[in-house]
Protein chains: 2
Amino acid sequence: MSQVKQPTPHALSSLMTEFENSCRRADLKVTHQRLEIYRELTEAHDHPSAEMLYRRIITRLPTISLDTVYRTLATFEKHGLITRVQTVESQARFEAEMVKHHHAVCSKCGVITDFTWETFDAAQVPDTLAVWGKVFKRHAVLEGICTSCSPKV
Amino acid sequence: MSQVKQPTPHALSSLMTEFENSCRRADLKVTHQRLEIYRELTEAHDHPSAEMLYRRIITRLPTISLDTVYRTLATFEKHGLITRVQTVESQARFEAEMVKHHHAVCSKCGVITDFTWETFDAAQVPDTLAVWGKVFKRHAVLEGICTSCSPKV
DNA sequence: TATATTAATAAGAATCATTACTATTCGTGA
DNA sequence: TCACGAATAGTAATGATTCTTATTAATATA
Ligand SMILES: [Mn+2]
Ligand SMILES: [Mn+2]
Ligand SMILES: [Zn+2]
Ligand SMILES: [Zn+2]
């Protein structure tokens, strides 16, 4: 049900070119490890952990090290190319989807599903927050049971 | 600016009695380690990590072990007595505040501040989520810069 | 109150997730 | 093509959490 749709093959390749440009702008060398990690994360829609990405990438880049995946994800995050997802789990999880969206988490299977919610994005935050400080970003997390985890009737 | 107010000394002691009852209902023995951990977390309003709690408690219970703090927090969480807070950090953080509330996170100092937001609690979730499944809980995370971290003019 | 039962604890070892170190490789600009 | 520095692979180290086990303590019962 994700409303944040997957890129077509063509859109993906232009995404990759844009990614290379971002790297050059940020003075990051365009290595094939970085390309693979970024592409794998872009194609993934399950907010994978570093280790999940590593296991997927190693089939194509058999010598890549887990450390490179961790290091590269941290680099991408620092340059605003990807996002680290807030969870309650011990392993950090990541996404390349930078379009504003929110998360629905199934408390049975743990799957994190993307969705958009314009009325939330536009809603006014409580007045009391003015004294707290300046709000730049907002994110909604819904928790429930996804359809495939619901007991069949 | 937290709208979720701290308990008065009297309210705290009745909270502790209620906590003891919860333990008995859940067939959990009422140990002084559990009482101290629960009380410390109830009085804390900074969503402390297990280690932060440990360092605070050890001044009163010098022989308590860090493992007991971790184990006890996990037990409390399992029985719905406390909550594990979603963060992007490597250390898990906890709170005893079970009144529905949301979080404003300062991206400079990292402090997590509680606030209530009734219009968000009551807002209708997007229709598209119906096909996703059943939503039980919702939580808003705001990110920004808190007043004490804002550059003075 | 004393005793028996069993859960909970403390201490340290083990594991899991992530980061640091270092010799080597590789991307890039001259 | 070459020189340079940044990035990587492999491995060690660290930080966070959980496990193992002998001991202690909470509670039910006599
Ligand atoms: Mn997402
Ligand atoms: Mn809170
Ligand atoms: Zn599910
Ligand atoms: Zn701050």
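To find a chain, count down the sequence lines: A is the first, B the second, and so on, and within it residues start at 1.
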Transitively linked via ILVMFWY side-chain contacts under 4.5 Å: B:Tyr38 with B:Val69?
yes

Distance flag, aromatic centroids of A:His101 and A:His103, threshold under 6.0 Å
yes

In whole Å, what is the span from the OH atom of B:Tyr38 to the P atom of C:dA8?
18 Å

Regarding B:Ala92, tell me which of base, sugar-phosphate or nothing describes its non-hydrogen contacts under 4.0 Å with the strands shown.
sugar-phosphate

Is there a side-chain polar atom (N or O) of B:Ser65 under 4.0 Å from OP1 or OP2 of C:dA11?
no

Would you mind building the protein contact string for nucleotides 18-30 of chain D? One character per nucleotide, 5' to 3', B for base within reach (heavy atoms under 4.0 Å), S for sugar-phosphate only, - for untouched.
BB------BS---

Let me know the distance between CZ of A:Arg34 and C1' of C:dT25, rounded to the nearest Å.
14 Å

Taken to the nearest whole Å, CD1/A:Ile57 to C1'/D:dA9 is 15 Å

Using heavy atoms to find the nearest nucleotide of DNA chain D for B:Ser90 and A:Asp27 separately, return the residue whose nucleotide is more 5′.
A:Asp27

Look only at the side chain of A:Thr83 and the backbone of A:Val85, and say whether a donor-acceptor pair between them is shorter than 3.5 Å.
no

On DNA chain C, more 5' by nearest nucleotide between A:Ala50 and B:Thr72 is B:Thr72

Checking side-chain polar atoms at under 3.5 Å, does A:Thr68 have a donor or acceptor matched by the opposite partner on A:Ser65?
yes

Between B:Asp46 and B:Arg56, is there a salt bridge with N-O shorter than 4.0 Å?
yes

Would you mind reading off the distance between A:Met52 atom CE and C:dT18 atom C1', rounded to a whole angstrom?
17 Å

Rounded distance in Å - CG (B:Leu35) to P (C:dT9):
10 Å

Set of side-chain hydrogen bond (donor to acceptor under 3.5 Å, both in side chains) partners for A:Ser49, sequence neighbours left out
none

Whole angstroms only, please: what is the CG-P distance between A:Leu61 and D:dT8?
11 Å

I need the NZ-C1' distance between A:Lys78 and C:dT19, as an integer number of Å.
13 Å

Which residues satisfy the side-chain contact (heavy atoms from CB on, under 4.5 Å) test with A:Ala140, sequence neighbours excluded?
A:His102, A:Trp117, A:Phe120, B:Phe120

Starting at atom CG of B:Leu73, determine the distance to atom C1' of C:dA8, rounded to an integer number of angstrom.
15 Å

